[in-house]
Amino acid sequence: MELTTSTSYNNDLPLKAALYTAFLCLLFGGNAVAIKLSLKGMGVFTTAGIRFCTAAFTLFIWAKVTGRSFRLSRNHTKKLLILSLLFTVQLPLFYHGLGKTTASHGTLIANLLPFIVLILAHLFIPGDRITPKKVLGIALGFIGVISLLMGHRSLSAADPLLVGDLLVFGAVFLWGCNATFVKRINADISPLNITFYPMAIGGPIFLIAGFIWDGEMIRFLDCTIIQALLYQTFVTASYGFIAWNGLLQKFGATAIHSFIFIMPVSGVFFSVLLLGEPLTPNILVAILLIVAGTLVVNGKRS
């Protein structure tokens, strides 16, 4: 789920746009499952490298065919280098974390992103203030993740699941920094460039890191791993990113993010259905609290 955020326009979504947004959230919810499946036969850095190099190449071809420009001003270049740095650090953390924890846990922790963005935006974006309603939503979301962590057999560093959860949380925090920064620049840089340049810079770095640190870059391939990699590359990293950022620019964050509650629900559903992960009471409580927090934060005023 590598999503950006934007300024809020408070526009109501037409029915078609609402259904399309819900569909995208459903697709993003399955991304952690696809990553888990691909990691069974490929190294962490290798998986990320192949995914984002291929996605960047796809976006490049699409942009050239449709006549879109990659031209940047000097000011834009500096901003996109910052985004690329955050992206290059964030993604390996997220992949390493998912390699140690379950897709269900990874999906639920990743859905702390909107709450982290609210906090960071309050601190660093003038005029973007946290209201009492948002405080309640943030509290519900973080309590949900705490209930998830309490489901571990132990809370020691020897528990690989706990280490994985903490790595995913670290990645989501950096993701929140990335999204908050995008919130300041999304108005004057196209969604294509915001999506393309971090991938184009980070992808080759991931492949080099995979050659150095992954041991075997590709241990084995089967139809499931290939399908999972194609899903990450084309469904979420290429099509999904552009579609999401385009919706954000057209309708604003308030309207679009009211659908984010679909992601943790669909993510856990796909984890149970496709990976056979257990649906524990702690996971159910976490889903309810995170979804409730998301609805409280993004609910419209009466």
Side-chain angles (χ1 to χ4, degrees), residues 1-3 5 25-26 28-36 90 93-123 130-177 179-180 257-299:
M1 203 183 72
E2 298 88 351
L3 306 181
T5 187
C25 289
L26 189 71
F28 283 122
N31 198 55
V33 176
I35 293 173
K36 285 288 292 186
Q90 164 212 328
L93 276 180
F94 188 72
Y95 275 61
H96 273 292
L98 277 181
K100 295 179 180 294
T101 190
T102 63
S104 297
H105 280 218
T107 298
L108 291 172
I109 295 171
N111 278 274
L112 284 178
L113 175 64
F115 308 118
I116 293 173
V117 172
L118 282 175
I119 295 171
L120 293 175
H122 175 83
L123 295 174
I130 292 179
T131 63
K133 184 183 75 168
K134 291 180 180 178
V135 170
L136 175 60
I138 291 169
L140 289 171
F142 278 95
I143 292 171
V145 170
I146 290 172
S147 71
L148 194 69
L149 297 178
M150 295 306 293
H152 290 293
R153 294 177 182 177
S154 67
L155 294 178
S156 70
D159 183 356
L161 288 177
L162 178 61
V163 172
D165 286 352
L166 294 176
L167 287 174
V168 171
F169 179 79
V172 173
F173 177 77
L174 290 177
W175 190 357
C177 296
T180 304
H257 284 157
S258 62
F259 289 83
I260 284 181
F261 74 90
I262 296 172
M263 294 186 195
V265 178
S266 64
V268 172
F269 173 78
F270 289 133
S271 300
V272 173
L273 179 66
L274 299 177
L275 299 177
E277 293 181 359
L279 188 61
T280 65
N282 294 78
I283 289 177
L284 289 173
V285 170
I287 291 175
L288 290 174
L289 289 171
I290 291 171
V291 168
T294 302
L295 292 175
V296 167
V297 166
N298 293 291

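The first residue in the sequence is number 1, and the count goes up from there. Below, each value reflects all heavy atoms present in this structure, side chains not excepted, and no hydrogens, waters or symmetry copies.
- In this structure, Cys25 and Phe259 approach most closely via the heavy-atom pair SG-O, 3.4 Å.
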Residues 112-120 side chain polar contacts: donor-acceptor under 3.5 Å, at least two apart:
none

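- Across Asn111 and Met263, no two heavy atoms sit closer than the pair OD1-CB, 3.5 Å.
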Donor-acceptor pairs under 3.5 Å, side chain of residues 163-170 to any protein atom, not counting sequence neighbours: which ones?
from: Asp165; atom 1: OD1; to: Thr101; atom 2: OG1; distance (Å): 2.6
from: Asp165; atom 1: OD1; to: His105; atom 2: ND1; distance (Å): 3.4
from: Asp165; atom 1: OD2; to: His105; atom 2: ND1; distance (Å): 3.0
from: Asp165; atom 1: OD2; to: His152; atom 2: NE2; distance (Å): 2.6

Under 3.5 Å donor-acceptor pairs involving side-chain atoms of residues 278-291, not counting sequence neighbours:
from: Thr280; atom 1: OG1; to: Ile283; atom 2: N; distance (Å): 3.2
from: Asn282; atom 1: ND2; to: Ser147; atom 2: O; distance (Å): 2.8

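- Around CZ of Phe142, the count of heavy atoms belonging to other residues, nucleotides or ligands within 6.0 Å exceeds 12.
- A search for ring pair (Phe, Tyr, Trp, His ring centres under 6.0 Å) contacts involving His122 returns nothing, not counting sequence neighbours.
- Partners of Leu273 according to the side-chain contact (heavy atoms from CB on, under 4.5 Å) rule, which considers only residues two or more places apart in sequence or in another chain, are Phe269.
- Of all non-hydrogen atoms in Val296 and Gly137, the two that sit nearest each other are CG1-N, 3.8 Å.
- Partners of Ala103 by side-chain contact (heavy atoms from CB on, under 4.5 Å), not counting sequence neighbours, listed by chain and number: Ala32, Val33, Lys36, Ser271, Leu275, Glu277.
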